[in-house]
Q: 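First, the structure itself, so that you have it in front of you.
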Amino acid sequence: MKKLEQLYEGKAKKVYATDESDIVIVSYKDDATAFNGQKKGTITGKGAINNKMTNNLMQKLEKSGIPTHFVQELSDRETAVKKVTIIPLEVIIRNISAGSFAKNYGVAEGIVFSQPTLEFSYKNDDLGDPLINDTHALALGLATEEDLASIKRYAYAINDQLKAFMKTIGIDLVDFKLEFGRLPDGSIVLADEISPDTCRLWDCETHEKLDKDRFRRDLGGAEEAYEEVMRRLTGVE
Ligand code: TMP
(Lines give C-alpha, C1' and ligand atoms only; values in the text may rest on other atoms or scores of the structure.)
Protein backbone atom coordinates (compact mmCIF):
# COMPACT_ATOMS: atom_id res chain seq x y z
CA MET A 1 0.00 0.00 0.00
CA LYS A 2 1.39 3.40 -0.97
CA LYS A 3 0.94 6.56 1.10
CA LEU A 4 -0.29 9.45 -1.04
CA GLU A 5 -1.32 13.05 -0.31
CA GLN A 6 -2.50 14.40 3.05
CA LEU A 7 -6.31 14.62 3.09
CA TYR A 8 -6.84 16.22 6.47
CA GLU A 9 -5.06 17.45 9.57
CA GLY A 10 -6.89 17.38 12.88
CA LYS A 11 -5.74 18.39 16.36
CA ALA A 12 -4.12 15.04 17.17
CA LYS A 13 -3.90 13.15 13.86
CA LYS A 14 -3.28 13.53 10.14
CA VAL A 15 -5.01 11.45 7.49
CA TYR A 16 -3.41 10.44 4.16
CA ALA A 17 -4.86 8.95 1.01
CA THR A 18 -3.44 5.66 -0.27
CA ASP A 19 -3.38 3.92 -3.64
CA GLU A 20 -6.35 1.85 -2.39
CA SER A 21 -9.52 3.93 -2.66
CA ASP A 22 -11.19 2.39 0.40
CA ILE A 23 -8.17 2.71 2.74
CA VAL A 24 -6.59 5.76 4.38
CA ILE A 25 -3.57 6.08 6.66
CA VAL A 26 -3.91 7.76 10.06
CA SER A 27 -0.77 9.33 11.53
CA TYR A 28 -0.82 10.17 15.24
CA LYS A 29 0.86 13.39 16.44
CA ASP A 30 2.35 14.31 19.83
CA ASP A 31 0.33 17.55 19.75
CA ALA A 32 -2.11 17.94 22.61
CA THR A 33 -4.99 20.42 22.82
CA ALA A 34 -7.73 21.04 25.34
CA PHE A 35 -10.78 23.28 25.69
CA ASN A 36 -11.53 23.19 21.97
CA GLY A 37 -7.97 23.98 20.98
CA GLN A 38 -7.52 26.99 23.27
CA LYS A 39 -4.78 25.22 25.24
CA LYS A 40 -1.97 23.78 23.14
CA GLY A 41 1.06 21.69 23.99
CA THR A 42 2.98 18.51 23.36
CA ILE A 43 2.96 15.19 25.14
CA THR A 44 6.18 13.61 23.91
CA GLY A 45 5.68 10.04 22.75
CA LYS A 46 1.88 10.20 22.90
CA GLY A 47 1.40 9.69 19.16
CA ALA A 48 3.05 6.29 19.20
CA ILE A 49 1.29 5.26 22.44
CA ASN A 50 -2.16 6.32 21.21
CA ASN A 51 -1.59 4.53 17.90
CA LYS A 52 -0.57 1.26 19.54
CA MET A 53 -3.16 1.43 22.30
CA THR A 54 -6.01 2.16 19.88
CA ASN A 55 -4.98 -0.72 17.63
CA ASN A 56 -4.60 -3.11 20.55
CA LEU A 57 -8.07 -2.26 21.90
CA MET A 58 -9.79 -2.19 18.52
CA GLN A 59 -8.42 -5.66 17.74
CA LYS A 60 -9.77 -6.92 21.07
CA LEU A 61 -13.18 -5.33 20.32
CA GLU A 62 -13.26 -6.86 16.82
CA LYS A 63 -12.76 -10.29 18.41
CA SER A 64 -15.82 -9.70 20.57
CA GLY A 65 -17.97 -8.74 17.58
CA ILE A 66 -17.67 -4.93 17.41
CA PRO A 67 -16.90 -3.78 13.85
CA THR A 68 -14.07 -1.21 13.67
CA HIS A 69 -12.19 0.71 10.99
CA PHE A 70 -8.86 -0.99 11.90
CA VAL A 71 -6.96 -2.62 9.03
CA GLN A 72 -3.22 -2.80 9.82
CA GLU A 73 -0.60 -1.10 11.98
CA LEU A 74 2.08 0.23 9.62
CA SER A 75 4.60 1.79 12.01
CA ASP A 76 4.93 3.35 15.47
CA ARG A 77 2.62 6.21 14.57
CA GLU A 78 0.80 5.09 11.43
CA THR A 79 -2.12 2.76 10.84
CA ALA A 80 -4.13 1.82 7.77
CA VAL A 81 -7.86 2.12 8.42
CA LYS A 82 -11.02 1.74 6.35
CA LYS A 83 -12.10 5.01 4.81
CA VAL A 84 -15.34 6.07 6.49
CA THR A 85 -17.61 9.07 6.62
CA ILE A 86 -17.45 10.16 10.23
CA ILE A 87 -20.85 10.59 11.89
CA PRO A 88 -20.51 14.03 13.52
CA LEU A 89 -21.50 12.85 16.99
CA GLU A 90 -19.12 12.34 19.89
CA VAL A 91 -20.49 9.48 21.94
CA ILE A 92 -19.57 9.77 25.61
CA ILE A 93 -20.04 6.98 28.11
CA ARG A 94 -19.51 7.56 31.83
CA ASN A 95 -19.15 5.03 34.64
CA ILE A 96 -17.94 7.46 37.33
CA SER A 97 -18.63 11.20 37.68
CA ALA A 98 -15.84 13.48 36.42
CA GLY A 99 -15.12 16.36 34.06
CA SER A 100 -18.07 18.15 32.49
CA PHE A 101 -20.61 15.85 34.21
CA ALA A 102 -19.35 16.89 37.67
CA LYS A 103 -19.23 20.54 36.59
CA ASN A 104 -22.63 20.67 34.82
CA TYR A 105 -24.55 18.92 37.58
CA GLY A 106 -22.64 20.30 40.57
CA VAL A 107 -21.41 16.98 41.97
CA ALA A 108 -18.02 15.70 43.12
CA GLU A 109 -15.79 13.61 40.89
CA GLY A 110 -15.62 9.92 41.77
CA ILE A 111 -19.28 8.98 42.25
CA VAL A 112 -19.67 5.43 40.89
CA PHE A 113 -22.87 5.15 38.85
CA SER A 114 -25.12 2.09 39.18
CA GLN A 115 -25.40 2.08 35.39
CA PRO A 116 -23.42 3.89 32.70
CA THR A 117 -24.61 7.17 31.18
CA LEU A 118 -24.52 7.92 27.45
CA GLU A 119 -24.57 11.35 25.87
CA PHE A 120 -23.90 12.84 22.47
CA SER A 121 -21.98 15.99 21.55
CA TYR A 122 -22.37 17.53 18.11
CA LYS A 123 -18.85 17.30 16.61
CA ASN A 124 -18.48 20.89 15.46
CA ASP A 125 -15.44 22.92 16.62
CA ASP A 126 -17.01 26.26 15.61
CA LEU A 127 -19.87 25.59 18.02
CA GLY A 128 -17.61 24.09 20.72
CA ASP A 129 -19.00 20.53 20.41
CA PRO A 130 -22.33 21.26 22.18
CA LEU A 131 -24.36 18.56 23.92
CA ILE A 132 -27.12 17.28 21.64
CA ASN A 133 -29.95 14.78 22.05
CA ASP A 134 -31.29 12.11 19.70
CA THR A 135 -34.17 14.20 18.37
CA HIS A 136 -31.83 17.12 17.61
CA ALA A 137 -29.42 14.78 15.79
CA LEU A 138 -32.34 13.44 13.73
CA ALA A 139 -33.65 16.96 13.01
CA LEU A 140 -30.18 18.02 11.80
CA GLY A 141 -29.92 14.89 9.66
CA LEU A 142 -26.67 13.85 11.38
CA ALA A 143 -27.78 10.21 11.63
CA THR A 144 -30.85 8.04 11.18
CA GLU A 145 -32.83 6.34 13.95
CA GLU A 146 -31.25 3.03 12.93
CA ASP A 147 -27.77 4.59 13.13
CA LEU A 148 -28.45 5.95 16.61
CA ALA A 149 -29.72 2.55 17.77
CA SER A 150 -26.59 0.79 16.44
CA ILE A 151 -24.28 3.43 17.88
CA LYS A 152 -25.82 3.13 21.35
CA ARG A 153 -25.76 -0.66 21.28
CA TYR A 154 -22.10 -0.69 20.21
CA ALA A 155 -21.13 2.01 22.72
CA TYR A 156 -22.59 0.10 25.70
CA ALA A 157 -21.03 -3.16 24.46
CA ILE A 158 -17.65 -1.41 24.08
CA ASN A 159 -18.00 -0.06 27.62
CA ASP A 160 -18.66 -3.55 29.00
CA GLN A 161 -15.58 -4.94 27.23
CA LEU A 162 -13.20 -2.07 27.97
CA LYS A 163 -14.28 -1.64 31.58
CA ALA A 164 -13.68 -5.33 32.31
CA PHE A 165 -10.34 -5.34 30.48
CA MET A 166 -9.09 -2.15 32.18
CA LYS A 167 -9.93 -3.68 35.56
CA THR A 168 -7.50 -6.53 34.82
CA ILE A 169 -4.69 -3.98 34.45
CA GLY A 170 -5.63 -2.08 37.61
CA ILE A 171 -7.45 0.79 35.88
CA ASP A 172 -10.95 2.16 36.47
CA LEU A 173 -12.51 3.26 33.17
CA VAL A 174 -14.13 6.49 34.37
CA ASP A 175 -15.45 7.80 31.03
CA PHE A 176 -14.54 7.91 27.36
CA LYS A 177 -15.48 9.34 23.99
CA LEU A 178 -16.10 7.31 20.83
CA GLU A 179 -16.66 8.25 17.21
CA PHE A 180 -18.34 6.09 14.61
CA GLY A 181 -18.09 6.11 10.84
CA ARG A 182 -20.13 4.84 7.91
CA LEU A 183 -18.70 2.43 5.33
CA PRO A 184 -19.75 2.66 1.67
CA ASP A 185 -22.25 -0.19 2.27
CA GLY A 186 -24.01 1.99 4.88
CA SER A 187 -22.91 -0.02 7.93
CA ILE A 188 -21.57 1.67 11.05
CA VAL A 189 -18.10 0.93 12.46
CA LEU A 190 -16.09 2.22 15.41
CA ALA A 191 -13.56 4.81 14.16
CA ASP A 192 -11.17 7.43 15.57
CA GLU A 193 -9.16 6.36 18.64
CA ILE A 194 -9.35 4.89 22.14
CA SER A 195 -6.46 6.32 24.14
CA PRO A 196 -5.60 8.36 27.24
CA ASP A 197 -6.56 11.39 25.10
CA THR A 198 -10.14 10.17 24.82
CA CYS A 199 -10.64 8.21 28.06
CA ARG A 200 -10.39 9.03 31.75
CA LEU A 201 -8.34 6.28 33.33
CA TRP A 202 -7.78 6.17 37.09
CA ASP A 203 -5.54 3.75 38.95
CA CYS A 204 -7.90 1.39 40.84
CA GLU A 205 -5.93 1.61 44.10
CA THR A 206 -4.52 5.14 44.26
CA HIS A 207 -7.10 6.84 41.95
CA GLU A 208 -4.14 8.55 40.27
CA LYS A 209 -5.13 10.07 36.90
CA LEU A 210 -3.45 8.21 34.02
CA ASP A 211 -4.87 10.28 31.14
CA LYS A 212 -5.04 13.64 29.40
CA ASP A 213 -6.48 15.37 32.48
CA ARG A 214 -2.81 15.60 33.56
CA PHE A 215 -2.31 17.97 30.61
CA ARG A 216 -5.76 19.65 30.74
CA ARG A 217 -5.32 20.49 34.45
CA ASP A 218 -1.55 21.11 34.47
CA LEU A 219 -0.97 18.25 36.90
CA GLY A 220 2.42 17.31 35.39
CA GLY A 221 3.56 13.78 34.54
CA ALA A 222 1.44 13.36 31.40
CA GLU A 223 4.19 11.51 29.50
CA GLU A 224 4.76 9.15 32.43
CA ALA A 225 1.02 8.50 32.77
CA TYR A 226 0.63 7.56 29.08
CA GLU A 227 3.71 5.31 29.35
CA GLU A 228 2.31 3.64 32.46
CA VAL A 229 -0.98 2.81 30.70
CA MET A 230 0.95 1.37 27.74
CA ARG A 231 3.23 -0.64 30.04
CA ARG A 232 0.20 -2.21 31.75
CA LEU A 233 -1.57 -2.80 28.44
CA THR A 234 1.33 -4.64 26.83
CA GLY A 235 2.34 -6.41 30.06
CA VAL A 236 -0.75 -8.64 29.96
CA GLU A 237 -0.46 -9.78 26.35
P1 TMP B 1 -15.91 15.69 29.53
O2 TMP B 1 -16.10 15.27 30.96
O3 TMP B 1 -14.98 16.85 29.37
O4 TMP B 1 -17.22 15.90 28.83
O5 TMP B 1 -15.18 14.47 28.78
C6 TMP B 1 -15.74 13.19 28.77
C7 TMP B 1 -14.78 12.21 28.10
O8 TMP B 1 -14.63 12.50 26.74
C9 TMP B 1 -13.36 12.24 28.69
O10 TMP B 1 -12.91 10.89 28.79
C11 TMP B 1 -12.54 12.98 27.69
C12 TMP B 1 -13.26 12.73 26.39
N13 TMP B 1 -13.22 13.89 25.50
C14 TMP B 1 -12.65 13.77 24.26
O15 TMP B 1 -12.15 12.71 23.88
N16 TMP B 1 -12.66 14.86 23.42
C17 TMP B 1 -13.20 16.05 23.78
O18 TMP B 1 -13.16 16.99 23.00
C19 TMP B 1 -13.79 16.15 25.09
C20 TMP B 1 -14.40 17.45 25.53
C21 TMP B 1 -13.78 15.05 25.90
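In each ligand, atom 1 is the first atom listed, and ligand 1 is the first ligand listed.
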Q: Testing K14, K13, K3 one by one against E78 for a salt bridge (Lys or Arg N to Asp or Glu O under 4.0 Å), which residue passes?
A: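 It is K3, the one option of K14, K13, K3 that forms the salt bridge (Lys or Arg N to Asp or Glu O under 4.0 Å) with E78.
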
Q: Taking only heavy atoms of C199, which atoms of ligand 1 are found under 4.0 Å from at least one of them?
A: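 Taking each heavy atom of C199 in turn, ligand 1 has 10 (O) under 4.0 Å.
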
Q: Can you pull out the closest protein heavy atom to atom 3 (O) of ligand 1? Residue, atom name and distance to 0.1 Å, please.
A: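 The protein heavy atom lying closest is R200 NH2, 3.7 Å.
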
Q: Look at R214 together with E224 and state whether they make a salt bridge at an N to O cut-off of under 4.0 Å.
A: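 Looking at E224 together with R214, the answer is no, because their closest N to O distance does not fall below 4.0 Å.
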
Q: Give the residue and atom name of whichever protein heavy atom lies nearest to atom 17 (C) of ligand 1, and the separation in Å to one decimal.
A: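 Among all protein heavy atoms, the one nearest atom 17 (C) of ligand 1 is E90 OE1, 4.1 Å.
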
Q: Would you say E119 and ligand 1 have an N/O pair spaced under 3.5 Å apart?
A: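 Min N/O separation from ligand 1 is not below 3.5 Å for E119.
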
Q: Measure D211 to ligand 1 on non-hydrogen atoms and call it side chain, backbone, both or neither using the 4.0 Å cut-off.
A: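 It is neither part, as no heavy atom is under 4.0 Å.
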
Q: Can you tell me how far the CG atom of D129 sits from the OG atom of S121, to the nearest 0.5 Å?
A: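 Between D129 CG and S121 OG, I get 6.0 Å after rounding to 0.5 Å.
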
Q: Can you say whether the rings of H207 and W202 are parallel (under 30°), tilted (30 to 60°) or perpendicular (over 60°)?
A: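 The arrangement is perpendicular - the two ring planes meet at more than 60°.
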
Q: With a 3.5 Å cut-off and no angle check, do the side chains of D147 and S150 form a donor-acceptor pair?
A: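 D147 vs S150: no donor-acceptor pair found between side chains.
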
Q: Classify the contact between R94 and ligand 1 as side chain, backbone, both or neither, using a heavy-atom distance cut-off of under 4.0 Å.
A: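 Answer for R94: side chain.
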
Q: Any protein heavy atom lying closer than 4.0 Å to atom 19 (C) of ligand 1?
A: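 Given the 4.0 Å cut-off, atom 19 (C) of ligand 1 does not count as touching protein heavy atoms.
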
Q: Tell me the protein heavy atom at minimum distance from atom 8 (O) of ligand 1, and give that distance in Å.
A: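 Scanning the protein heavy atoms, the shortest distance from atom 8 (O) of ligand 1 goes to K177 CB, 3.5 Å.
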
Q: Hey, is atom 12 (C) of ligand 1 touched by any protein heavy atom at less than 4.0 Å?
A: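 Yes, there is one.
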
Q: Identify whether the distance between the nearest side-chain nitrogen and carboxylate oxygen of D203 and R232 falls below 4.0 Å.
A: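 Looking at R232 together with D203, the answer is yes, because their closest N to O distance falls below 4.0 Å.
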
Q: For F176, counting its heavy atoms only, list the atoms of ligand 1 lying under 4.0 Å from any of them.
A: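 Counting atoms of ligand 1 from 1, those under 4.0 Å from F176 are 10 (O).
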
Q: Between the side chains of E109 and R217, is the shortest nitrogen-to-carboxylate-oxygen separation below 4.0 Å, so that they form an ion pair?
A: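 Counted as a salt bridge, because a side-chain N and a carboxylate O are separated by less than 4.0 Å.
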
Q: Tell me whether D172 is salt-bridged to K167, with the criterion being a basic N under 4.0 Å from an acidic carboxylate O.
A: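 Yes, this pair counts.
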
Q: If you look at every heavy atom in L148 and A143, which pair is closest and at what distance?
A: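 Scanning both residues, the minimum pair turns out to be CD2-CB, 4.0 Å.
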
Q: Answer side chain, backbone, both or neither: which part of R216 comes under 4.0 Å from ligand 1, heavy atoms only.
A: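 It is the side chain that touches ligand 1; the backbone stays farther off.
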
Q: Which of the atoms of ligand 1 are close to D197, meaning less than 4.0 Å from one of its heavy atoms?
A: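 It comes down to these atoms of ligand 1: 15 (O).
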
Q: Is the shortest distance from a Lys or Arg side-chain nitrogen in D30 or R77 to a carboxylate oxygen in the other one below 4.0 Å?
A: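 Salt bridge between D30 and R77, a charged N being under 4.0 Å from a carboxylate O: yes.
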
Q: Specify side chain, backbone, both or neither for S121, according to which of its non-hydrogen atoms lie closer than 4.0 Å to ligand 1.
A: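 Neither part.
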
Q: Tell me the nearest of N36, D175, L178, D213 to atom 10 (O) of ligand 1, using heavy-atom distances.
A: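 Shortest heavy-atom distance from atom 10 (O) of ligand 1: D175.
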
Q: Which atoms of ligand 1 are found less than 4.0 Å from any heavy atom of T198?
A: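 Near T198, the atoms of ligand 1 are 10 (O), 12 (C), 15 (O).
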
Q: Counting heavy atoms only, which of G99, S100, G37 comes nearest to atom 1 (P) of ligand 1?
A: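 It is S100 whose heavy atom sits nearest to atom 1 (P) of ligand 1.
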
